[in-house]
Every structure is written in structure tokens, then in C-alpha cells.
Participant: 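Pasting a structure below so you can have a look.
Throughout, residue positions are numbered sequentially from 1 according to the sequence presented.
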Amino acid sequence: MTALTTLDLPISGMSCASCAGRVERALGQVPGVRSASVNLASEQVRIEAADTPLSSLIGAVQQAGYQVPEHTRELSISGMTCASCAGRVERALAQVPGVRSASVNLASERAHLQLLANTDHDALIRAVEAAGYQAHWLDDAGPADLGEQHLQRERWAVWLALALALPLMAPMVVDWFGGHWMLPAWLQFALATPVQFILGARFYRSAYQAVRARTGNMDLLVALGTSAAYGMSLYLWWQAPADAMPHLYFEAAAVVIALVLLGKYLESRAKRQTTSAIRALEALRPERALRVREDVEEDVPIAELRLADLIAVKPGERFPVDGEVLEGQSHADEALISGESLPVLKEPGSRVTAGAINGEGRLLVRTTALGGETVLARIIRLVEDAQAAKAPIQKLVDKVSAVFVPVVIAIALLTLAVWLALGAGLETALLNAVAVLVIACPCALGLATPTAIMAGTGVAAKHGILIKDAEALEIAHAVTSVAFDKTGTLTSGTPRIAHLRALLGGEDELLQQAGALQRGSEHPLAKAVLDACDERNLPVPAIAASQALAGRGIAGTLDERRLALGNRRLLSESGLQAGDLADLATAWEAEGRTLSWLIEQSPQPRVLGLFAFGDTLKPGAAEAVAQLQARGIRTHLISGDNRGSAQAVASTLGISDVHAEVLPADKAANVAALKAAGGVVAMVGDGINDAPALAAADVGIAMGGGTDVAMHAAGITLMRGDPRLVPAALEISRRTYAKIRQNLFWAFVYNLIGIPLAASGLLDPMLAGAAMAFSSVSVVSNALLLKRWKP
């Protein structure tokens, strides 16, 4: 008979007894649920079920129209040494009621948890400790840098182990040069014992916890192998006559432990470098700010700030908050946040980001975001989530790691039995079995994927590319088609004067007259005219009797002449014809341009000139498309704009596949059609109307400065609106995935070659130990090469 389990599920949104009844009925229809009882006061439902997945229960509640509150937290786990350790912690956490998912990252030594709102947090700590490891919540107060303290302890342990083990190796070195000398047995014992049982105690503790949990790990292999060598040495010493000098293997046990400790130290130091991107971002957060109240400046902790507070930022200081500049002019260095290498101008109305460095001027900033809501905090969360997540390829590694240690122990026992059966002495057979145990390395397998992901996402963030999850990173390398939105993605999203033609006078006079009419207007086309006047340093004259003409344009009096600027309807209502500008207007309209006619209404009605407004391409748009096409990636343009405008942009950039006049709801359908045609599709966009298409694509890429909805739907966010970051994002994905494959290849090949060599008696235990230590270090070091990547 299947045992029943009881679970209290939190529910939000219930308001009456009928709500409770609806939830109970919905849960009662889930297979395996024996009973469901809702408590409205506590907003919980007690469920008795047999072998029912938590996801099925949550799905039933959501279908009934209610929500199950959830949140995510991260645990720091210490004591893990290999992939099987990470797997054991994951299984222990997954068994705690209320845990929706648990993902343990061996490289970062963190557990990323998705929890129900009523989950017992203490139970999670106890579960980790019961599995044989230590844990604490990352947001708990503690020492400033536990990682550095741990590294220092490891360093001292390594130096002490090497100092004790090197004298044991001295006779071997002498032997290589033809000498014959050996330390007394009692001295070998005195040197090896502290290494074995004091410095090597960590291996015994971890091995004991693994055995107690009915599993295995790297430490179990090291403990078994070195204990066998140490025990055999004791036995040979005890058996030898009083005046004899037996050959002992204390040096094998001590040197293996010293080398493994050295390897773990180098590995820890290298792993720490993979998280340098996160630490660099966290270091950008100032701890204090200069708040201004009633013209008085006061130095306060960041925690005391509130929205709309005024903050003074002096030259050279970091901005403590996200905000809007009210007074002053300066430049900001945003390189570590957006990857923008050049300083950005900041003046009244400009937005500033927490963590950026103020340049040469003092600024007064009004706070718009604090703490976890700042852009910097969101960047850190995105990078942490990406580094905590597992890539799909990791599933294969987890399956191999789960059986790795038991298989190695079986091979070691088989090696012992075969050598004994072949007539070799116990000494030879045992040494070969020990070599098998110490050369096998599940660490390299466990570190292959997460270290590459951490290094790849870290260096990408440094250059303004935020990869939200490991799956997006793994898929992006295989992209065969990229679909671009137009406005705000390939173009700036702000109209500019694309063409102008004056019939009377010159272009400068035409611009001055149009600028006079548009002076003071907030309309985007007015701004385009005034910007053009600024660029040519043209003075804009004052106009009298200005009048807005609804749906047509604007009119006013300049030098006793009544002028008007507007659309074709205004032209018709004024009784005028396009005349000599008709063909030009038709051609410009075919390009998708917006036309404005400048006319004189009195004293002499006539057409003075024509303006054509259009969106301008972003710098780097053509280069981005060219780079993608050079790599064999097909490019598409999906836009809601008219066909002429979309076709003009596509022709300029060399994009042949154009989908114009696409409604927002149909963009996702266009992406789905591209996917159905074969290949892997990436969608690049920036607006709310792009969110469905971003979610529908294999990889969604949101442009910086876009909406939060677009960034939430995308797997990759570009912190700058630079289209050249699109091919850069695909390139870092390709390189990271290549590192993952290289690491896994070497990890598998290393074990496939090393274990048979050790079993066949071709590897001394000390060489096997050195090889095992080297394998983990080489995998992490290979991943760290990604840090040298630049877009």
C-alpha cells in the first residue's frame, strides 16, 4: 500500500467559502490526492496525497483561478568536492516539503532554490547538514569574504602537507640518480601520519558522510586509496625483522594527499576567478550617500534613502542610486554596467545608474530606484541566476556522476582480484588498485559545465550582454536565423529629416522658417526640425500668432507673412498643388517617409518647400547585419511599419527577407513560421509588442533601454542599444559552448585513459594522484580562458 504524505500548500486570492470549495474540488481531481482541506484564515490547504508531483497540485490551484505564492533563495554550501556531492545535496533539498526545485552549482558552491511561501527554511539547512555538508543563507549577515578566508586555510594546509611529504620523496629522487638511501621507518611514519589523519581528515569526514548516505564521492576514493597505502606500510613495517629496512609506501599516501590538497587549492583559486564578474559588480555599490535636505548636505547610509530623495554626487564618486539629474553637467563612466567604453554626457533630465562613476562635475540627482530595484541590482540578479542554472547538457554529466564512484570502486576491486589471480603479490595488486582509486576524478566532470558557464556569463556581463539562463547560452550558439524588429532595434526610434527640398530660397532659409513654426512644440517632428537647425547653427526667429491646426499641422506669422507647415490635407485645404514636388513626394512616400509641406498662405499662397522625415539607422546596424551574414546566419526584418519604410531599412542593411505591416499579435506567428521552416531562430526587439515574439523564439534578445516586459521575456538582454552586441552575444555563446564540450571531452577521455593505465600497473599511485589533481585544475583553467574574450 502506498504511503500518504501530508503537505500544507499556501494559496493567495481566496476571499470566501466558495473559493475554498472551488480549490478543494480542483485538487480532488488530481490523481493521487486523497483529501484536500482549505483553511481560509491561514490561506493554506492541507493535502494528503500519494506520489503526486507538487507541480500537479500547483497547476490545479492555478487552473481554479488562484495563486500559490513562491519565492527564490540561495544557499551557500561548503564541503562539496565533486559532482556526486552536488547531486546528493540536490536530492536532500528536493525532499524537503515546499521545495519546487533545487539546483546546486559545484563551481559557485551555491544552491538555487524555488520555494513555496510557507517552506521551513531551517529544515533546508538541516537537510544539507544531514547530507554531510554545511550551509547558510547568502543574505544572512556573516564575514565579509568567506571565500577568501577558506582559500587562506587551504593555502596553509597545502604548504604544511608539502613540507611533510617532500622529505618522504627525497629517497625516490636520490634513487633516480643512482643513489640508495631511505629514511628510517619511524621517521616516515612520523611524517606521513599528520598528513594522513590531520590534514587528510577532511577526506575521511566527507567519505563517512557519503557512505552514511549510501553514495560515493571523490573523497571516498582518496580516503580508500591512501588508507590502503598507509595500512600496507604499517603491515610491512610490522612484519619486517628488527634489523631489516623494508620498502614502505608511506610516501605514496602522504604525497597523494598533498597533491590532492594542492589541486583543490588551485581549483578553488581558479573557481574564485570565475565569480569575479559578480564580485566586481557587487563592489560598485556605494555604502553611503550625500543626501540634500533644505540645501544642507548630510552623509547617510544607503539604507536610509527613500524615493525622490535628492542626492549630491561629487566628481569621481559612484552614483549610489538610480535617478534623474536635476542640476549640473558632467560625464559618467558606465563601462562596468553597460560595457560602454566612452563616458556618457549627463545633464538635467538625464538618467543615471547606481554604480556608474561621476566625471568632472557635481550633480544633483533625484532618486528613482533603490536597493534591489536599481539597474545594477537587477544585473547582478540576472548574472547570478544564469550562473546558478544548469545547462541541458549537464543532465548527461549528472547521470554519469551518479554512478561514477561505485563503478570506480568496482574497477579497483577487480584490479586487485585480477592481479592476485595472475600471481602478482599482494603488494603489487594493492598498489595498482590504489592507483585506480586516486586517478579517477569525478571533479573534472562536475566542474566542466558550470565553470565554463560562469566564466562565459561573467565576461559577457562585463561587455554589456546579460545572459539570463544557461539554456539560452547553450541554444544561442546554434542560431541559424535572426529576426529583427525595426523601430528602436535597428533604428533609433526618433524621427530625423531624411530629405528636404526648397522651391524658393535655400535649404537654410527653409529650415529657419520651419523651425520658427515648430519653436516650443514637443511633437517628435518638431524636435527633428529644431535639431537640424542646431546642427547647422541656424538662429530660429520668433513667430507671432502661432496656431495649432488639428490633424493638419501648425501655422503662424513671420515678417508679416502667414506660413504653415503640415501634411497633404493642409496643402489641399490651402488650395495648393504639389506641382514640381509631386514626383519627389511620391518617391519619398514610397520609401516610407512622413512628408510635411511648408507653404505661404498669405499674402501670396504658394508652396515653399517639402520635408521628408524618417527614422535613422543606429550606428553599427549595418555592421551587425554584415557580421551575422558573414557567419552564414540568415537575417529577417519583422516590423509593424508600412512596407515602404521597412523595405527602405532592409535594402540599406542588405536584409532580403522583410515582413512589414505585421500586427503585434502576429509577430510571434511570424517567428513560429521561421522556426517551422527549420533551424534555430533568435528574435531581437525592444518594445512591449515584441515580448510575445521574444518568448516564441528559440532565443529572445532584448535591446538595452527597452521595456521591462521585453527584458523579462528575453533570454539575453543587451545593456546598450547597439545592434553589434547581437552577433557578439551569439559569439560568446559559441565560445562558451565550445569550452563546455572541450572540458567534457577531456574529463571523459582523462578517466577513460587514466583508469585503464592505472589498472594495468603503468601508473605509480603518486603519479596518479598528481594526474587527478591536474585534471580538475586544467578544466577550470580552460574555462578561465573565456575571460580574455572581447566583442
Participant: More than 12 heavy atoms of other residues, nucleotides or ligands under 6.0 Å from OH of Tyr208: yes or no?
Facilitator: no

Participant: Between Arg73 and His112, does the side chain to side chain donor-acceptor pair (under 3.5 Å) criterion hold? Intermediate values first, please.
Facilitator: CA-CA 6 Å; Arg73 287 194 74 180; His112 187 77; over 6 Å; no

Participant: Counting distance only, does the side-chain N/O of Thr480 pair as donor-acceptor with the main-chain N or O of Val680 below 3.5 Å?
Facilitator: yes

Participant: Using a 3.5 Å distance criterion without hydrogens, assess whether the side chain of Ser760 forms a donor-acceptor pair with backbone atoms of Pro756.
Facilitator: yes

Participant: With heavy-atom distances below 4.5 Å as the criterion, would you say the side chains of Leu199 and Leu160 are in contact?
Facilitator: yes

Participant: Given side chains that start at C-beta, do those of Met80 and Val104 come closer than 4.5 Å, heavy atoms only?
Facilitator: yes

Participant: Looking at His477 and Glu474, would you say the former's side chain and the latter's main chain have a donor-acceptor pair under 3.5 Å?
Facilitator: yes

Participant: Donor-acceptor check, side chain of Trp419 to backbone of Ala759, threshold 3.5 angstrom: yes or no?
Facilitator: yes

Participant: When you compare the side chains of Glu70 and Gln114, does any donor N or O come within less than 3.5 Å of an acceptor on the partner?
Facilitator: yes

Participant: Do the side chains of Leu75 and Leu93 get nearer than 4.5 Å, heavy atoms only?
Facilitator: yes

Participant: If you count every heavy atom of other residues, nucleotides or ligands that lies below 6.0 Å from Trp789 atom CH2, does the total exceed 12?
Facilitator: yes

Participant: With a 4.5 Å cut-off on side-chain heavy atoms, are Lys787 and Leu784 touching?
Facilitator: yes

Participant: Does Glu154 have any salt bridge (charged side-chain N to carboxylate O under 4.0 Å, His left out) partners at least two apart in sequence or in another chain, and if so, which?
Facilitator: Arg202

Participant: Checking salt bridge (charged side-chain N to carboxylate O under 4.0 Å, His left out) for the pair Arg126/Glu129: CA distance, chi angles, key distance, verdict?
Facilitator: CA-CA 5 Å; Arg126 290 195 297 270; Glu129 291 174 346; over 6 Å; no

Participant: Is the closest side-chain donor-acceptor distance between Gln196 and Tyr204 under 3.5 Å?
Facilitator: yes

Participant: Could you tell me if Thr193 and Tyr230 have a donor-acceptor pair between their side chains, going purely by distance under 3.5 Å?
Facilitator: yes

